[in-house]
Chemist: 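Here it is, the structure in full.
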Amino acid sequence: MDKRFFLRDTRTVARELLGKYLYREINGIVFRGIISETEAYHGPEDLACHCSKGITPRTEIMFREGGRIYVYLIYGMYYMLNFTTMSDGFPAAVLIRGVIEPEFSENARDFIPLQAKTDGPGKLTKAFQIDKKLNTQLIHPSTGLWVEKGPPIDFKIVTGKRVGVDYAGEWKDKPWRFLLKKS
DNA sequence: ACGATGATGAAC
DNA sequence: TTCATCATCGTA
């Protein structure tokens with residue numbers, strides 16, 4: 001996906017990321033999985049979004065033009081992978097919460113399955129070896145982390161409330177969690 | 001149900 | 001400087 005994909009409404013991007021391939025290349029080994037769960041964090045008013053605190057060293061990346069990687073540590077031990085969205089000045093990002101059909105390849109062609117799914121944002125970053133070194137980098141093959149069109153599969157999209165944001169007042173009930181359900 | 005474990009931001 | 005908070009996970 002090129003940058004323009006990420007410069008749109010965060011809810012749209014979160015929805016359209018479902019079914020796409022998430023790619024990760026490390027030392028010539030390519031990992032990929034089909035994105036199956038996302039959450040949108042959109043705008044300075046959204047109390048569930050770190051960006052509601054304003055511009056800080058951590059949140060600054062979300063205020064910039066979309067198409068970059070936002071990685072942060074939570075609970076002292078888990079990295080969360082996010083893709084920034086929207087145009088310069090508007091803070092927003094999509095949290096990637098899970099992939100299905102993860103697989104790897106040593107030659108970028110012949111992929112070998114790893115397991116059925118990688119559920120949960122902390123398990124995903126562990127499996128794909130994603131940490132803060134990727135923070136603020138471009139979503140691009142040259143970075144080693146990027147997104148491409150997914151395989152031809154039939155699925156529908158289920159929405160729900162975002163996980164773990166009960167503190168966010170009226171924002172906690174927004175249906176900004178998106179899940180891929182294979183049909 | 002709960003503890004592990006440390007960055008973050010706000011208050012002082 | 002301290003303090004509460006936390007887009008989680010694994011074990012129980």
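Reminder, nothing fancy here: chain letters follow the sequence lines and each chain counts from 1. Just so it is clear, the structure is predicted and the values come from calculations on it, not from any experiment.
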Chemist: Does the side chain of A:H50 get closer than 4.0 angstrom to OP1 or OP2 of B:dT8 through an N or O atom?
Modeler: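 Looking at the OP1 and OP2 atoms of B:dT8, neither is under 4.0 Å from any side-chain N or O of A:H50.
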Chemist: Could you tell me the separation between the CE atom of A:M80 and the C1' atom of B:dT5, rounded to a whole number of Å?
Modeler: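 It is 14 Å, rounded to the nearest whole Å.
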Chemist: How would you label the glycosidic angle of B:dA7: syn (within 90° of 0) or anti?
Modeler: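 You should classify B:dA7 as anti.
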Chemist: Between atom OH in A:Y167 and atom C1' in B:dA10, what is the gap in whole Å?
Modeler: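 The answer, rounded to whole Å, is 16 Å.
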Chemist: How long is the line joining NZ of A:K53 and C1' of C:dA4, in whole Å?
Modeler: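 A:K53 atom NZ is separated from C:dA4 atom C1' by 10 Å.
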Chemist: Take the protein atom CG of A:L73 and the nucleotide atom P of C:dT5, then report the distance between them rounded to whole Å.
Modeler: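 Nearest whole value for this atom pair: 19 Å.
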Chemist: Quick one: which of B:dG9, C:dT8, B:dG6 gets closest to the side chain of A:P57?
Modeler: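 Closest nucleotide among those given: B:dG9.
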Chemist: Report yes if at least one side-chain N or O of A:Y78 is closer than 4.0 Å to OP1 or OP2 of B:dG6; otherwise report no.
Modeler: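 Answer no for this pair, as no side-chain N or O of A:Y78 is under 4.0 Å from OP1 or OP2.
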Chemist: Is there a side-chain contact between A:T38 and A:I96 in this structure, where contact means two heavy atoms from C-beta onward sitting under 4.5 Å apart?
Modeler: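 They are in contact (side-chain heavy atoms under 4.5 Å apart), so the answer is yes.
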Chemist: Checking all strands, does A:R58 fall into the base, sugar-phosphate, or nothing category for heavy-atom contacts under 4.0 angstrom?
Modeler: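 It contacts sugar-phosphate atoms only.
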Chemist: Report the distance from atom OH of A:Y79 to atom P of B:dG6, rounded to the nearest whole Å.
Modeler: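 Distance check: A:Y79 OH to B:dG6 P gives 10 Å.
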Chemist: Look at the aromatic rings of A:H50 and A:Y72 and report parallel, tilted or perpendicular, splitting at 30° and 60°.
Modeler: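 The rings of A:H50 and A:Y72 stand perpendicular, inter-plane angle above 60°.
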Chemist: Is there a path from A:Y21 to A:V30 through hydrophobic residues (I, L, V, M, F, W, Y) whose side chains come within less than 4.5 Å of each other?
Modeler: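 Yes: a chain of side-chain contacts under 4.5 Å links A:Y21 to A:V30.
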Chemist: Do A:Y72 and B:dA7 share a donor-acceptor pair, side chain to base, under 3.5 Å?
Modeler: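 No.
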Chemist: Nearest to the side chain of A:T59, heavy atoms from C-beta on, is which of B:dG9, C:dA7, C:dC9?
Modeler: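 That would be B:dG9.
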Chemist: Taking any strand in view, what nucleotide pairs with C:dA7 in a Watson-Crick or G-U wobble way, both distances under 3.5 Å?
Modeler: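 Here C:dA7 is not engaged in any pair, so there is no nucleotide opposite it.
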Chemist: Classify A:K132 by what it touches in the nucleic acid, base, sugar-phosphate, or nothing, heavy-atom distance under 4.0 Å.
Modeler: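 Sugar-phosphate contact only - A:K132 comes under 4.0 Å of backbone atoms but never of a base.
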Chemist: Please determine if A:R8 forms a cation-pi arrangement with A:F5, meaning its NZ or CZ atom is less than 6.0 Å from the six-membered ring centre and no more than 45° off the ring axis.
Modeler: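 Yes, A:R8 and A:F5 form such a contact.
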Chemist: Quickly work out the A:I130 CD1 to C:dA7 P distance and round it to whole Å.
Modeler: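 Checked: the CD1 to P distance equals 19 Å.
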Chemist: Measure from CE on A:M77 to P on C:dC6 and round the result to the nearest Å.
Modeler: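 About 16 Å, once rounded to whole Å.
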Chemist: Stacking check: are the rings of A:Y75 and C:dT8 less than 5.5 Å apart at their centres and under 30 degrees in tilt?
Modeler: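 Yes; by the centre-distance and plane-angle rule, A:Y75 counts as stacking on C:dT8.
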Chemist: Indicate the ring-plane relationship of A:H42 and A:W176, choosing parallel, tilted or perpendicular according to the 30° and 60° boundaries.
Modeler: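 It falls in the perpendicular class, over 60°.
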Chemist: Write down the distance between CD (A:E60) and P (B:dG9), rounded to a whole number of angstrom.
Modeler: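 The answer, rounded to whole Å, is 12 Å.
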Chemist: Looking at every strand, decide which applies to A:L95 at a 4.0 Å heavy-atom threshold: base, sugar-phosphate, or nothing.
Modeler: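 Here A:L95 touches the bases of the nucleic acid.
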